[in-house]
Asks: 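Please find one structure pasted underneath; my questions will follow.
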2 protein chains.
Amino acid sequence: MKLSNTNQRRIIIEELRKLDTHPTADELYIIVREKIPQISLGTVYRNLELLSKKGQILKLELTGKQKRFDGNIENHYHLRCTKCGRVVDIEIDDMLEIDKKLNELVDRLSLDGYRLELSGICEICKTEK
Amino acid sequence: MKLSNTNQRRIIIEELRKLDTHPTADELYIIVREKIPQISLGTVYRNLELLSKKGQILKLELTGKQKRFDGNIENHYHLRCTKCGRVVDIEIDDMLEIDKKLNELVDRLSLDGYRLELSGICEICKTEK
DNA sequence: TTAAAATTTGATAATAATTACTATTACTCT
DNA sequence: AGAGTAATAGTAATTATTATCAAATTTTAA
Ligand SMILES: [Mn+2]
Ligand SMILES: [Mn+2]
Ligand SMILES: [Zn+2]
Ligand SMILES: [Zn+2]
């Protein structure tokens with residue numbers, strides 16, 4: 001099935017792509033309402049789900065009860081801050097090697113993939129005493 | 001605060017330790033009711049939460065909406081089956097190396113830890129059909 | 001041993017996050 | 001433009017989990 005071009009859908013992707021905060025559906029809903037005040041929360045949920053199925057965005061099912069979404073579909077890793085709960089992108093060279101090893105494992109065992117989540121204190125929490 | 005010795009708590013740990021299926025709270029509730037028919041679901045939730053905080057069991061927050069629990073607190077890895085949804089233990093030599101690398105990373109960046117979940121078809125689904 | 005203090009329980013209510021439903025509206029394709 | 005398909009807003013329902021609280025059980029310590 002192909003996706004129609006609706007205003008709602010376009011704004012949802014646009015606004016998500018502006019963020020690096022990995023918002024939850026309700027967080028993005030608040031932002032999108034500034035552009036389309038009458039949009040419903042269900043529409044945001046529905047589209048985030050659809051878009052992630054189509055591979056246009058990422059759905060992050062990490063620890064914590066709410067799903068989060070990411071407009072950046074490049075292969076990268078996330079750190080969940082144990083203090084503030086933020087999910088932040090992590091850029092480490094070592095990851096390349098670990099990623100390689102994990103992909104080898106996945107290939108050899110004919111698996112689908114893996115999900116890796118680091119946890120610790122984020123940079124923001126580190127700097128602000 | 002120390003935990004009292006209640007019959008409910010004892011049976012919950014006992015039954016969980018007999019399983020390698022990583023049951024959800026409601027799945028374990030059904031099993032425990034065979035020993036203590038009047039036990040309430042809230043008691044099962046409460047105790048699983050407490051016991052995991054005390055480190056006596058593991059709480060697995062993997063993909064999927066329900067939390068799962070594990071009586072085996074040894075360091076080991078899990079595979080979520082994309083077909084049947086089961087969570088199964090995975091025993092692979094490679095994991096040792098990957099684990100080592102990940103722990104090095106965690107140490108060097110002063111993180112807390114990491115969470116890794118593999119996904120693919122489990123052995124049971126592979127053999128049947 | 002016993003009684004007060006602390007903890008836990010079962011029952012139930014409440015909450016949080018997500019999904020389902022549906023009449024109406026918007027897109028798409030010709 | 002008009003038929004056919006898909007999506008929307010608004011709302012209800014569902015699912016998983018947590019909270020509340022009086023009664024029961026367990027612990028502590030006299
Ligand atoms: Mn990201
Ligand atoms: Mn296990
Ligand atoms: Zn933080
Ligand atoms: Zn399976």
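Below, read A as the first sequence line, B as the second, and so on, with proteins coming before strands; counting in each chain starts at 1.
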Asks: Quick one: which protein N/O atoms are closer than 3.5 Å to N/O atoms of nucleotides 28-30 of chain C? Pair and distance per line, please.
Replies:
from   : atom 1 : to     : atom 2 : distance (Å)
C:dT28 : OP1    : A:Asn5 : N      : 2.9

Asks: With under 30° as parallel and over 60° as perpendicular, where do the rings of A:Tyr77 and A:Tyr114 fit, or are they tilted in between?
Replies: parallel
Asks: When you measure from the side-chain N and O atoms of A:Asn7 to the phosphate of D:dA7, is any distance below 4.0 Å, counting only OP1 and OP2?
Replies: no
Asks: Whole angstroms only, please: what is the CD1-P distance between B:Ile30 and D:dA16?
Replies: 12 Å
Asks: Given C:dT9, is OP1 or OP2 found less than 4.0 Å from the side-chain N or O atoms of B:Ser40?
Replies: no
Asks: Out of D:dA16, D:dT18, C:dT8, which has the shortest distance to the side chain of B:Gln66?
Replies: D:dA16
Asks: Quick one: on DNA chain D, does A:Lys65 or A:Gln38 contact a more 5' nucleotide (nearest heavy atom)?
Replies: A:Gln38
Asks: Picking from B:Asp112, B:Leu111, B:Val106, what satisfies side chain to side chain contact (heavy atoms under 4.5 Å, CB included) with A:Ser119?
Replies: B:Asp112
Asks: Under the criterion salt bridge (Lys or Arg N to Asp or Glu O under 4.0 Å), which of B:Arg10, B:Arg17, B:Lys18 is the partner of B:Glu14?
Replies: B:Arg10
Asks: So, does A:Tyr45 get its side chain near the phosphate of C:dT18, meaning an N or O under 4.0 Å from OP1 or OP2?
Replies: yes
Asks: Would you indicate, yes or no, if C:dA26 has its OP1 or OP2 atom less than 4.0 angstrom from a side-chain nitrogen or oxygen of A:Gln8?
Replies: no
Asks: Salt bridge (charged side-chain N to carboxylate O under 4.0 Å, His left out) with B:Arg9: which residues, sequence neighbours excluded?
Replies: none
Asks: Within this structure, what is the CG-to-C1' distance between B:Leu50 and D:dT17, rounded to whole angstrom?
Replies: 15 Å
Asks: Specify the separation, in whole Å, of atom NZ of B:Lys53 and atom C1' of D:dT17.
Replies: 13 Å
Asks: With nearest nucleotide decided by heavy atoms, which residue, B:Arg9 or B:Leu41, maps closer to the 5′ end of DNA chain C?
Replies: B:Arg9
Asks: Output the rounded distance in Å from CD1 (B:Ile36) to P (C:dT8).
Replies: 15 Å
Asks: Applying a strict under-4.5 Å side-chain criterion to I, L, V, M, F, W and Y, I'd like to know whether A:Ile13 and A:Ile39 cluster together.
Replies: yes
Asks: Report the distance from atom CZ of A:Arg46 to atom CD1 of A:Ile12, rounding to the nearest 0.5 Å.
Replies: 8.5 Å
Asks: Quickly work out the A:Leu48 CG to D:dT8 P distance and round it to whole Å.
Replies: 11 Å
Asks: Please report the distance, rounded to the nearest Å, between OH in A:Tyr29 and P in C:dA16.
Replies: 16 Å
Asks: So does A:Lys126 pair up with A:Glu123, basic N to acidic O under 4.0 Å?
Replies: yes
Asks: Of all the choices, D:dT17, D:dA9, C:dG10, which nucleotide is nearest to the side chain of A:Arg46 once you look at every atom?
Replies: D:dA9
Asks: Between B:Ile12 (CD1) and C:dG10 (C1'), how many Å, whole number?
Replies: 12 Å
Asks: Does a nitrogen or oxygen in the side chain of A:Lys59 sit under 4.0 Å from OP1 or OP2 of C:dT18?
Replies: no
Asks: Measure CD1/B:Ile39 against P/C:dT12 and give the value in whole Å, please.
Replies: 16 Å
